[in-house]
Amino acid sequence: MQNTSRKTILIIVIVLVVLCCVCTALAGGAAALYLFFSQGAAAPTLVQELPIPLPNNIPVPDDIPLPQDLPVPQVPPAQLPPAAGLGTRQDLMAYYGEAFDFEAPIVMQDMEIVTGTHRSICIQGDCAAVSMAGPADAVTSLAIVVPTDPNDVTQSTVAITLLMNTAMRFAGEDSTLPFDIMTDIFEAQKSNTALDKQSEEDGYLFIESYNPQTHQAGLTVVRAP
């Protein structure tokens, strides 16, 4: 449980560091962590409108001329703004599916962050986790961290696949980036060296990482500046 909590904080810090590098508006100030209260404030009491007496038996004349052939206004279809950020939080949570258990939002530096932990991709209690930062209707940053075992190729492959799927969602199915990520992490794992690589594709910035001490591999995605 402590490992999960530490990693949750780690990927949240990764999100904030990336955002600070990409957007100067987030710079300055120490990170403050606040849990949302499980129960919000009581709903405000609605003010009922006072009844207004209306006169009865209002005469309605029958000889009011009605205009003919009224022009029909041409209302243009609503123009939806382009998708902001990485998409909505709900869509991203649905993409990762029921394999992740998502916690209630927390607030850091005036930013909502939601973290989900994988139910089965774990090594001694250290489970894969994904963190989404930003408002619910426009997530601004996403970070996913997975545990890998240098002595177990199968386990590492399954874990790294989560990173590959994340890259594929934003870079597209025809992109070679997911396979580049797998190659980069396996090479870092084999050589027991740290990985910190950035690449830009299709309007997104992808940041790969590997920690040789913890054997955790990660991927952070933000909109390219």
Colleague: Compare every heavy atom of Pro135 with every heavy atom of Thr140, then report the nearest pair and how far apart it is.
Modeller: CG2-CD, 4.4 Å
Colleague: Could you tell me whether a side-chain N or O of Arg223 sits under 3.5 Å from a main-chain N or O of Tyr204, the two making a donor and an acceptor?
Modeller: no
Colleague: Is the shortest heavy-atom distance from the side chain of Tyr96 to the side chain of Asn165 under 4.5 Å?
Modeller: no
Colleague: Taking the side chain as every heavy atom from C-beta outward, state whether Asn192 and Pro212 have any atom pair closer than 4.5 Å.
Modeller: yes
Colleague: Kindly indicate, with the supporting measurements, whether the criterion side-chain hydrogen bond (donor to acceptor under 3.5 Å, both in side chains) is fulfilled by Gln216 and Thr148.
Modeller: CA-CA 6 Å; Gln216 290 178 342; Thr148 68; over 6 Å; no
Colleague: Could you pull out the closest heavy-atom pair between Ala159 and Val146, with the gap in Å?
Modeller: O-CG1, 3.5 Å
Colleague: Would Phe170 and Asp202 count as a side chain to side chain contact (heavy atoms under 4.5 Å, CB included) here? Give the steps.
Modeller: CA-CA 8 Å; Phe170 298 103; Asp202 201 25; over 6 Å; no
Colleague: Would a 4.5 Å heavy-atom cut-off, applied to side chains only, mark Thr115 and Val130 as touching?
Modeller: no
Colleague: Considering residues at least two apart in sequence or located in another chain, which fulfil the side-chain hydrogen bond (donor to acceptor under 3.5 Å, both in side chains) criterion with Arg169?
Modeller: none
Colleague: To the nearest 0.5 Å, how far apart are OG1 in Thr176 and CE in Met182?
Modeller: 13.5 Å
Colleague: Would you check if Ile181 and Leu219 make a side-chain contact, meaning some heavy-atom pair closer than 4.5 Å?
Modeller: yes
Colleague: Closest heavy-atom contact between Val139 and Ala133?
Modeller: CG1-O, 3.3 Å
Colleague: Calculate, to the nearest 0.5 Å, the distance between atoms CD and CG belonging to Glu201 and Leu177 respectively.
Modeller: 5.0 Å
Colleague: Under 4.0 Å between a Lys/Arg side-chain N and an Asp/Glu carboxylate O for Glu98 and Arg119?
Modeller: no
Colleague: Determine yes or no for a side-chain-to-main-chain donor-acceptor pair under 3.5 angstrom, with Ser141 supplying the side chain and Val222 the backbone.
Modeller: no
Colleague: Taking the side chain as every heavy atom from C-beta outward, state whether Met132 and Met93 have any atom pair closer than 4.5 Å.
Modeller: yes
Colleague: Under 4.5 Å between any side-chain heavy atoms of Gln198 and Phe206, yes or no?
Modeller: no
Colleague: Should Met111 and Val107 be marked as a side chain to side chain contact (heavy atoms under 4.5 Å, CB included) after you check the CA-CA gap, both sets of side-chain angles, and the distance that decides it?
Modeller: CA-CA 5 Å; Met111 180 179 297; Val107 176; 6.0 Å; no
Colleague: Take a 6.0 Å sphere around CD of Gln90 and say whether it holds more than 12 heavy atoms from other residues, nucleotides or ligands.
Modeller: no
Colleague: Restricting to non-hydrogen atoms, name the atom on Gly134 and the atom on Arg89 that form the minimum distance, rounded to 0.1 Å.
Modeller: O-NH2, 3.1 Å
Colleague: Which atom names give the shortest non-hydrogen contact between Thr161 and Thr157, and what distance separates them?
Modeller: OG1-O, 2.7 Å
Colleague: Excluding sequence neighbours, so at least two apart, what forms side-chain contact (heavy atoms from CB on, under 4.5 Å) with Asp152?
Modeller: Asp149, Thr154, Gln155
Colleague: Please check if Leu86 and Met168 belong to a single hydrophobic cluster, counting links between Ile, Leu, Val, Met, Phe, Trp and Tyr side chain heavy atoms closer than 4.5 Å.
Modeller: no
Colleague: Could you check if a side-chain atom of Asp126 sits within less than 4.5 angstrom of a side-chain atom of Gln124, using non-hydrogen atoms only?
Modeller: no
Colleague: Do His215 and Asn211 touch side chain to side chain, with heavy atoms closer than 4.5 Å?
Modeller: no
Colleague: In Å, rounded to the nearest 0.5 Å, how long is the span from OG of Ser191 to CZ of Phe186?
Modeller: 13.0 Å
Colleague: Rounded to the nearest 0.5 Å, what's the gap from OG on Ser175 to CG on Asp180? Could you check?
Modeller: 7.0 Å
Colleague: Does Thr193 use its side chain to pair, donor to acceptor, with the backbone of Gln189 at less than 3.5 Å?
Modeller: no
Colleague: Mind checking whether Phe100 and His118 have parallel, tilted or perpendicular rings, split at 30° and 60°?
Modeller: perpendicular
Colleague: Rounded to the nearest 0.5 Å, what separation is found between the CD1 atom of Ile185 and the CD1 atom of Ile160?
Modeller: 4.5 Å
Colleague: As an exercise, state the distance from OH of Tyr95 to CG of Asp91, rounded to the nearest 0.5 Å.
Modeller: 12.5 Å
Colleague: Please give me the minimum heavy-atom distance between Ser156 and Pro150, naming the atom from each residue.
Modeller: OG-N, 4.4 Å
